[in-house]
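These numbers were taken from a predicted model, which means no experiment stands behind them. Throughout, a chain's letter reflects where its sequence line sits, starting with A, and its residues are numbered from 1.
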Amino acid sequence: MNRLLAFLAGLLFGFGLLLSGMANPAKVLAFLDLAGPWDPSLALVMVGAIATALPAFQLARRRDRSLLGAPMQLPARRSLDRRLVAGSLVFGVGWGLAGFCPGPALTVLLTGHGKVLVFVAFLLLGMGLFERLEASASHTSGGRR
Amino acid sequence: MTVDWSAFTPASALAGGVLIGLASGLFVLADGRVAGISGLLGSLLRPVRQWVGEKALFVLGLVLSPLVWSLWASPPAIEINTPWPLLALAGLLVGLGSRYGAGCTSGHGVCGLARLSLRSLVATVCFMATGFLTVFVVRHLLPEVIR
């Protein structure tokens with residue numbers, strides 16, 4: 001049941017990206033282009049998504065287990081560190097270059113647009129590089145930070 | 001700033017956002033997990049995979065969604081105008097940045113803000129800022145690169 005619902009949640013998430021226009025890089029870039037002819041649509045995607053998810057997360061915060069009994073695994077970190085800021089700044093540059101972030105890129109992966117394969121290949125390369133750097137950092141410092 | 005009203009699609013944007021919010025709510029209430037795509041994808045690249053089932057199935061649902069979608073709706077418009085060398089660079093930056101920043105548009109921008117997390121608010125302000133700035137530089141300071 002957990003797994004079926006995980007699959008359905010992924011499917012629904014993808015439908016949301018497709019319906020909203022968030023899966024279309026040209027529309028994302030039109031939103032990020034404040035100085036051009038600006039398309040504010042994606043601000044409403046954020047509003048709709050956050051407003052709908054808010055009650056679910058407020059309920060989730062008060063529970064140790066999910067409604068199906070799985071452990072509730074919400075992020076525990078509170079610190080505003082350099083990694084959070086630097087990583088997010090770098091992510092934004094990539095997002096602004098392509099108009100793709102990870103969710104939409106995976107959603108578009110099988111739609112036959114060849115260019116998305118290039119983006120996803122390098123996305124995985126970047127993530128793999130992160131894992132390598134983290135592994136070597138924890139070897140030298142003697143533990144994962 | 002001039003709003004391009006002809007491109008503005010408030011109804012589908014809001015409805016699509018609601019679906020994204022429902023999917024994130026379903027995932028956290030059923031499986032106890034945050035629907036952060038960079039985190040889910042990154043964890044599948046780790047040598048030690050815990051609870052790989054639910055994470056992998058969420059990602060599978062996402063990847064298959066356009067195929068299921070086109071069973072009863074016309075395929076949505078997808079336009080990728082960025083030249084591929086820039087897409088490659090962008091992919092690398094998105095991969096590295098989202099993992100160092102511990103999240104992307106979904107994990108910080110939707111789920112994190114819905115959790116009222118200060119870390120996610122800071123992350124979202126950061127990536128929105130460089131997203132706006134990058135498009136400004138590419139489109140208005142170096143137009144010949146992209147056009």
Check: Does a salt bridge link Lys27(A) with Glu79(B), judged by any charged N lying under 4.0 Å from a carboxylate O?
Finding: no
Note to self: Between Ala23(A) and chain B, with a heavy-atom cut-off of 4.5 Å, which part of the residue counts as in contact: side chain, backbone, both or neither?
What the structure shows: backbone
Note to self: At a 4.5 Å cut-off on heavy atoms, which part of Thr111(A) comes close to chain B: side chain, backbone, both, or neither?
What the structure shows: side chain
Item checked: Options Ala73(B), Ala88(B), Ala123(B), ranked by heavy-atom pairs under 4.5 Å with chain A, top entry -> Ala88(B)
Item checked: Contact class of Ala102(B) relative to chain A, heavy atoms under 4.5 angstrom -> side chain
Item checked: Full working for side-chain hydrogen bond (donor to acceptor under 3.5 Å, both in side chains) between Thr9(B) and Ser41(A) -> CA-CA 6 Å; Thr9(B) 50; Ser41(A) 307; 3.3 Å; yes
Checklist line | Separation between CG of Leu22(B) and OG1 of Thr52(A), rounded to the nearest 0.5 Å | finding: 5.5 Å
Check: Do Leu133(B) and Phe31(A) share a hydrophobic cluster (ILVMFWY, side-chain heavy atoms under 4.5 Å, transitive)?
Finding: no
Next item on the list: Heavy atoms only, distances under 4.5 angstrom: which of Leu60(B), Leu40(B), Leu62(B) has the most pairs with chain A? Name it, please.
Entry: Leu62(B)
Next item on the list: Using the side-chain contact (heavy atoms from CB on, under 4.5 Å) rule, pick out the option among Leu106(A), Asn24(A), Thr107(A) that qualifies with Leu17(A).
Entry: Thr107(A)
Next item on the list: Answer with side chain, backbone, both or neither: which region of Val122(B) has an atom nearer than 4.5 Å to a non-hydrogen atom of chain A?
Entry: side chain
Item checked: Interface moiety of Pro75(A) toward chain B, non-hydrogen atoms closer than 4.5 Å -> both
Checklist line | Choice from Val90(A), Leu29(A), Val45(A), Val85(A) maximising heavy atom contacts with chain B below 4.5 Å | finding: Val45(A)
Next item on the list: On the 0 to 90° scale, with breaks at 30° and 60°, tag the Trp95(A)-Phe91(A) ring pair as parallel, tilted or perpendicular.
Entry: parallel
Checklist line | same_hphob_cluster(Phe58(B), Leu74(A)) at 4.5 Å side-chain heavy-atom cutoff | finding: no
Note to self: Report which part of Met1(A) has an atom under 4.5 Å of a heavy atom belonging to chain B: side chain, backbone, both, or neither.
What the structure shows: neither
Next item on the list: Measure the OG1-CE distance between Thr124(B) and Met46(A) for me, rounded to the nearest 0.5 Å.
Entry: 5.5 Å
Margin query: Working to the nearest 0.5 angstrom, can you tell me the gap between Glu131(A) CD and Leu124(A) CG?
Written below: 11.5 Å
Notebook entry, point to check: What part of Phe136(B) is in contact with chain A, defined as an atom under 4.5 angstrom from a non-hydrogen atom: side chain, backbone, both or neither?
Noted result: side chain
Note to self: Need one label for Val110(B): side chain, backbone, both or neither, based on atoms under 4.5 Å from any heavy atom in chain A.
What the structure shows: both
Check: Where does Arg77(A) contact chain B at under 4.5 Å (heavy atoms): side chain, backbone, both or neither?
Finding: both
Check: Which one, Gly103(A), Ala56(A), Ser88(A), leads in non-hydrogen pairs under 4.5 Å with chain B?
Finding: Ser88(A)
Notebook entry, point to check: Checking Ile80(B) against chain A: side chain, backbone, both or neither under 4.5 Å from a heavy atom?
Noted result: both
Item checked: Phe27(B) ring center within less than 6.0 Å of Phe13(A) ring center -> no
Notebook entry, point to check: For chain B, which of Leu4(A), Leu89(A), Val118(A) has the most heavy-atom pairs under 4.5 Å?
Noted result: Leu89(A)
Notebook entry, point to check: Is the shortest distance from a Lys or Arg side-chain nitrogen in Arg119(B) or Asp81(A) to a carboxylate oxygen in the other one below 4.0 Å?
Noted result: yes
Notebook entry, point to check: Which residue out of Ser117(B), Ser12(B), Ser6(B), Gly36(B) racks up the most heavy-atom pairs below 4.5 Å with chain A?
Noted result: Ser12(B)
Note to self: Heavy-atom pairs under 4.5 Å with chain B: which of Leu67(A), Leu80(A), Leu18(A), Leu133(A) has the most?
What the structure shows: Leu18(A)
Item checked: Residue selection (most heavy-atom pairs with chain A, distance under 4.5 Å) from Val34(B), Val125(B), Val3(B), Asp31(B) -> Asp31(B)
Next item on the list: Please name the residue in the list Thr134(B), Val137(B), Leu87(B), Val94(B) that meets the side-chain contact (heavy atoms from CB on, under 4.5 Å) test with Leu97(A).
Entry: Thr134(B)
Notebook entry, point to check: If you count heavy-atom pairs under 4.5 Å between each of Gly39(B), Gly17(B), Ala7(B) and chain A, which one has the most?
Noted result: Gly17(B)
Item checked: chain A interface, residue from Ile37(B), Leu89(B), Val68(B) that has the most non-hydrogen pairs under 4.5 Å -> Ile37(B)
Note to self: For the interface with chain B, which of Gly36(A), Gly128(A), Gly99(A) has the highest count of heavy-atom pairs at distances below 4.5 Å?
What the structure shows: Gly36(A)
Checklist line | Partners meeting ring pair (Phe, Tyr, Trp, His ring centres under 6.0 Å) with Phe7(A) (sequence neighbours left out) | finding: none
Note to self: If we define contacts as heavy-atom pairs under 4.5 Å, which of Val93(A), Val116(A), Leu109(A), Leu54(A) has the most with chain B?
What the structure shows: Val93(A)
